[in-house]
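Below is one structure, written out as structure tokens; the observations come after it.
Letters A, B, ... mirror the listed sequences (proteins, then strands); counts begin at 1.
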Amino acid sequence: MQKTLIIVTGPTGIGKTKLGIYIARHFKTEIVSADSRQIFKELSIGTAVPSTEELLMAKHHFIHSHSISENYNASKYENEALPLLDRLFQMHNEVIMVGGSMLYIDAVCKGIDIIPDADPEIREALKIRLVQEGVESLRLQLKKLDPVYYNQVDLKNPARIIHALEICLTTGKPYSSFRTNQIKERPFKIIKTGLNCDREILHQKINLRVDNMVKDGLEEEARGVYPLKHLNALNTVGYREWFAFFDGEISREKAIGLIKRNSRRYARKQITWFGKDPGTKWFEPGQENEIIETIEKQIKKHPGTIPQAIDH
RNA sequence: GGUGCCAUAGCUCAGUUGGUAGAGCAACGGACUGAAAAUCCGUGUGUCCCUGGUUCGAUUCCAGGUGGCACCA
């Protein structure tokens, strides 16, 4: 029997959680979350994790399963999600993946290249050099160590240059030698369902949701993790803005306003990313019946004809 | 009702000694392979309230209108 991964994606605040549960209950199956922040057990309000009731309506995976102190990333997610899917497909013909973390979904659908872990000390040293010497110095070294990648990379983006350099310096090989850009074959069919709506209405939803998060105690949640604010997991909309407030850099009102703005911008970025995938079928909230109908039609189609995103 | 002030981008406002306009914020578009809720790049989006007048030419000057604010009745 053909196994199918049904992906539910779309911008933040659109209603993916609710739709995912609806589809999961229809197929009597489980949900694998693809959310790079709901995965952390220390975060709840600001990441809009499913409520206790929602978690009871369908079994969820990768919700509150890791700690912000772990150095988590898309590759680790791929390595953990694939075996989990394997197990779930032994019990179900369909499994639902719900989330808005663009690279995490790509990692599961297409795979990302196997690249050795960088030496943390080398990464730190590069970060210091960036501050002290500027990006130009790092660029020059990259040009020497990996001219191939130097010609591809966005030379204005220090994060990309540092990552390439840390791999070159850790492994002694050019970063580009690890980049194969090959799409990995998966032993299951993939159906992508996108949820979106009119931009202005989405903005209203996002603004309202942030207000509700504040009412629910987001400030206290942020205060609780404030001592760990240097962690990458907390370089996140809904938390970093509070840290700036706690540090006396901005007012409380300003912080809340920035959370709304940054959430809106995040949503726009997600729409840009997901929008370029021609394999995604788009719907609006409230179209549950059409969505189920479309998914069932796609499941019945003969396997292996799902268009995948163009490589990048 | 009278007098005064104001009307320019989504918002707050500059500005043009008359040659069709620009800042901040907001917004919009894009890139993306181990930080991805990250990181980076790009874009003014405009009946200068309306109608006349003066002028080669009016968003700018003049008159009237409309709307807003303030004060006086």
Round to the nearest Å and state the distance from [X] atom [atom1] to [N] atom [atom2].
X: A/Glu166; N: B/U39; atom1: CD; atom2: P; result: 16 Å
X: A/Ile105; N: B/A37; atom1: CD1; atom2: C1'; result: 13 Å
X: A/Leu155; N: B/U39; atom1: CG; atom2: C1'; result: 14 Å
X: A/Leu231; N: B/A36; atom1: CG; atom2: P; result: 12 Å

Establish, with yes or no, whether the OP1 or OP2 oxygen of [N] is under 4.0 angstrom from a side-chain nitrogen or oxygen of [X].
X: A/Ser101; N: B/A37; answer: yes
X: A/Arg179; N: B/G34; answer: no
X: A/Asn235; N: B/U39; answer: yes
X: A/Lys276; N: B/C32; answer: yes
X: A/Tyr104; N: B/A36; answer: yes
X: A/Arg261; N: B/A26; answer: yes
X: A/Arg265; N: B/A38; answer: no
X: A/Arg160; N: B/A31; answer: no
X: A/Tyr175; N: B/G34; answer: yes
X: A/Arg268; N: B/A31; answer: no

Whether the side chain of A/Asn71 and the base of B/G34 hold a donor-acceptor pair under 3.5 Å is what I'd like checked. no
Decide yes or no, distance alone: a donor-acceptor N/O pair under 3.5 angstrom between the base of B/A38 and the side-chain of A/Lys269. yes
Mind checking [X] for me? I need base, sugar-phosphate or nothing, with any heavy atom below 4.0 Å counting as a touch.
X: A/Phe40; value: nothing
X: A/Tyr77; value: nothing
X: A/Lys76; value: nothing
X: A/Asp35; value: base
X: A/Gly100; value: sugar-phosphate
X: A/Arg264; value: sugar-phosphate
X: A/Thr236; value: base
X: A/Thr47; value: base
X: A/Ile114; value: base

Identified pairing partner of B/A14, criterion: Watson-Crick or G-U wobble below 3.5 Å: none
For the OH atom of A/Tyr104 and the OH atom of A/Tyr77, what is their distance to the nearest 0.5 Å? 9.0 Å
From the list [options], which nucleotide is the closest neighbour of the side chain of [X]?
X: A/Asp154; options: B/G29, B/A36, B/C40; answer: B/C40
X: A/Arg240; options: B/A38, B/G30, B/A36; answer: B/A38
X: A/His203; options: B/A37, B/C28, B/A26; answer: B/C28
X: A/Met102; options: B/A37, B/A38, B/G34; answer: B/A37
X: A/Asn232; options: B/G34, B/A36, B/A31; answer: B/A36

Please give the distance between the [atom1] atoms of [N] and [M] as a whole number of Å.
N: B/C13; M: B/C72; atom1: C1'; answer: 30 Å
N: B/C5; M: B/A27; atom1: C1'; answer: 32 Å
N: B/G10; M: B/C48; atom1: P; answer: 12 Å
N: B/C61; M: B/U54; atom1: C1'; answer: 8 Å
N: B/A73; M: B/G57; atom1: P; answer: 47 Å
N: B/U8; M: B/U60; atom1: C1'; answer: 11 Å

Does a donor on one side chain and an acceptor on the other come within less than 3.5 Å for [X] and [Y]?
X: A/Ser263; Y: A/Arg209; answer: no
X: A/His163; Y: A/Glu166; answer: yes
X: A/His26; Y: A/Glu296; answer: yes

If you find the nucleotide of RNA chain B closest to A/Pro158 and the one closest to A/Thr180, which residue's nucleotide is nearer the 5' end? A/Thr180
Along RNA chain B (nearest heavy atom to each residue), the more 5'-positioned of A/Asn157 and A/Asp113: A/Asp113
If you measure from the Lys or Arg side-chain nitrogens to the Asp or Glu carboxylate oxygens, is any gap between A/Glu70 and A/Lys76 under 4.0 Å? no
NZ/NE/NH1/NH2 to OD/OE distance under 4.0 Å, A/Asp247 and A/Lys229: yes
